[in-house]
Amino acid sequence: MKILPVKIGTVLTDGNVFLAPLAGYTDFSFREICYSLGASLCFTEMVSCKGLMYKNENTSVLLHTGKNEKIKAAQIFGSDPAIMRAACESEELAPFDVIDINMGCPVPKLYKNGEGSALLENLPLAEKIISECKKSSKNVSVKFRTGVSEEKKVTRDFAVMCENAGADMITVHGRVRTAYYSGEVDYAQIAAAKNAVKIPVIANGGVFTEEDADLLYENTGADGIALARGALYNPFLFAEITKTKTDYDIYNLICRHIDGLKEVYPDKWIAHNMRKQLACYLKGVRGGKQAKAKLLTLETTEELKTVAKEVFRA
């Protein structure tokens with residue numbers, strides 16, 4: 001795929017391969033690593049606007065940023081336009097260059113609350129949310145799915161609504177809500193969004209190899225792509241796609257990730273939280289099953305590094 005800049009309101013990225021927001025994974029240390037490997041824009045984990053307004057400590061810590069993040073981008077979710085605008089104007093979101101609104105999360109808890117992908121069924125409310133967030137003077141993007149089900153695809157109309165409401169960019173995950181993360185990505189639906197609007201369109205879904213990236217980019221005509229689960233299993237995929245040179249391996253990467261988190265979190269929390277990330281790296285690796293079993297018993301980051309060294313430096 002062609003590596004080109006993307007203009008998001010007043011922000012200009014140096015490329016068009018992004019890291020999508022991933023709850024429980026895209027912490028500041030991981031984002032910094034992805035930037036160093038060639039990502040041009042990396043989003044925080046999904047942050048509750050109500051949590052921000054109520055000064056929830058667990059919510060605020062998700063917005064910690066690293067000193068090496070080129071562009072700071074946060075993803076928020078909610079369903080109350082006034083609260084979401086207030087969040088965009090808050091001190092917590094002041095450092096961020098781009099605010100992404102989640103209108104695609106399929107998780108039942110959010111859906112039942114009228115948040116995430118539920119907004120695909122309520123275009124007037126979705127439009128009000130975007131227009132209110134834009135009044136904060138922030139650069140605003142929207143991430144959404146093609147619809148709630150195969151029978152209710154709304155991609156083109158939703159894209160047009162986003163642009164008319166003031167969105168500076170959209171990211172389209174090429175699956176419906178009921179598909180969650182399985183099944184084929186619908187290139188045609190993403191292409192329909194691209195053909196309907198003038199703002200940048202980022203294609204998302206199903207990228208686990210450089211070939212997947214090329215297919216998604218070429219078959220949708222999108223301005224760029226966003227990696228999600230593919231980046232969790234192999235962050236070096238950014239370097240492969242963008243042809244970025246790197247001089248470290250997966251073991252170095254794990255150590256960097258852990259050491260970065262120590263700026264904010266206690267050792268035991270990091271050890272527990274990193275178990276799931278290491279489990280991603282161990283998929284398909286020789287000795288991976290045994291190492292995964294061992295992960296569940298680890299309580300310190302040094303133990304975590306030891307297991308990683310045994311597997312990846314054997």
Side-chain angles (χ1 to χ4, degrees), residues 1-4 6 15-23 25-26 34 38-43 46 75 100-107 110-111 116-121 141-163 167 169-197 199-238 240-242 280 283-284:
M1 64 175 282
K2 290 182 180 178
I3 305 303
L4 299 167
V6 177
N16 52 354
V17 183
F18 300 166
L19 172 67
L22 290 158
Y25 289 97
T26 53
C34 291
S40 294
L41 189 65
C42 300
F43 290 91
M46 190 170 61
Q75 190 189 60
D100 185 70
I101 306 171
N102 184 304
M103 295 190 174
C105 182
V107 173
L110 268 69
Y111 183 76
S117 58
L119 291 164
L120 295 168
E121 298 180 290
S141 63
V142 182
K143 188 169 188 287
F144 63 94
R145 286 178 174 248
T146 57
V148 294
S149 66
E150 290 294 333
E151 298 73 35
K152 295 181 179 179
K153 290 184 177 178
V154 296
T155 318
R156 185 190 181 283
D157 291 346
F158 207 86
V160 171
M161 177 277 294
C162 289
E163 181 175 50
M169 181 182 78
I170 57 174
T171 299
V172 184
H173 182 163
R175 295 186 179 97
V176 294
R177 185 218 169 221
T178 51
Y180 278 71
Y181 305 101
S182 63
E184 296 297 317
V185 172
D186 195 331
Y187 296 148
Q189 286 289 309
I190 301 174
K194 173 59 186 171
N195 293 331
V197 299
I199 57 175
V201 176
I202 305 301
N204 173 230
V207 177
F208 294 90
T209 66
E210 187 179 351
E211 182 184 10
D212 292 338
D214 290 338
L215 288 170
L216 182 63
Y217 182 70
E218 291 163 10
N219 286 305
T220 62
D223 298 283
I225 65 168
L227 307 187
R229 289 173 301 145
L232 298 185
Y233 291 109
N234 177 22
F236 292 101
L237 185 53
F238 284 110
E240 293 168 23
I241 296 169
T242 62
C280 291
K283 188 176 181 181

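Residues take their numbers from the sequence shown, with the count starting at 1.
Between Val185 and Thr220, the closest side-chain pair of non-hydrogen atoms is not below 4.5 Å. Within the 4.5 Å cutoff, side-chain heavy atoms of Leu215 are placed close to those of Tyr187. Between Tyr111 and Val148, the closest side-chain pair of non-hydrogen atoms falls below 4.5 Å. You'll find the side chain of Ile3 reaches within 4.5 Å of the side chain of Val17, heavy atoms only. No side-chain heavy atom of Thr178 sits under 4.5 Å from any side-chain heavy atom of Glu150.
In this structure, Gly205 and Arg175 approach most closely via the heavy-atom pair CA-NH1, 4.1 Å. Here the closest non-hydrogen pair linking Ala226 and Ile202 is N-CG2, 3.6 Å. Of all heavy-atom pairs between Ala213 and Ile241, the closest is CB-CD1, 3.6 Å. Residues Leu19 and Ala231 approach most closely at CD1-CB, 3.8 Å, considering heavy atoms. Of all non-hydrogen atoms in Ala159 and Ala193, the two that sit nearest each other are CB-CB, 3.8 Å. Between Asn204 and Leu216, the closest heavy-atom pair is N-CD2, 4.0 Å.
Note that the SG atom of Cys34 and the CG atom of Leu41 stand 11.5 Å from one another [nearest 0.5 Å]. Within the model, atoms CG of Leu120 and OG1 of Thr155 stand 8.5 Å from one another, a figure rounded to the nearest 0.5 Å. The structure places CE of Met1 at 9.5 Å from OG1 of Thr242, a figure rounded to the nearest 0.5 Å. To the nearest 0.5 angstrom, Phe144 atom CZ is 11.0 Å from Asp100 atom CG. Summarising the geometry, atom CZ belonging to Arg229 is positioned 10.0 Å from atom SG belonging to Cys280; distances are rounded to the nearest 0.5 Å. If you take CG on Leu110 and SG on Cys105, they are separated by 5.0 Å, rounding to the nearest 0.5 Å.
Residue Pro200 is tested with Asp223, Thr171, Asn16 for a side-chain contact (heavy atoms from CB on, under 4.5 Å); the sole match is Asp223. Checking each of Met103, His173, Arg177 against Ser117 for a side-chain contact (heavy atoms from CB on, under 4.5 Å) leaves exactly one that passes, namely Arg177.
No donor-acceptor distance shorter than 3.5 angstrom exists from the side chain of Arg145 to the backbone of Ala179, with no hydrogens or angles considered. Proximity of a side-chain donor or acceptor of Tyr180 to a complementary backbone N or O of Pro106 within less than 3.5 Å is detected. Using modelled atom types, no side-chain atom of Asp214 and backbone atom of Glu211 make a donor-acceptor pair closer than 3.5 Å.
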Report task. Give the C-alpha distance, both sets of side-chain angles, the deciding distance and a yes or no for side-chain contact (heavy atoms from CB on, under 4.5 Å) between Asp186 and Lys153. Result -> CA-CA 11 Å; Asp186 195 331; Lys153 290 184 177 178; 2.7 Å; yes
Requested in this report: Any chance you could lay out the side-chain contact (heavy atoms from CB on, under 4.5 Å) test for Glu240 and Asn234, step after step, and finish with the verdict?
Outcome: CA-CA 10 Å; Glu240 293 168 23; Asn234 177 22; 3.4 Å; yes
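At a cut-off of 3.5 Å, with distance as the only test, no side-chain donor of Thr146 or Gln189 sits close to an acceptor on the other residue.
By the 30° and 60° cut-offs, the orientation of the rings of Phe43 relative to Phe18 is perpendicular.
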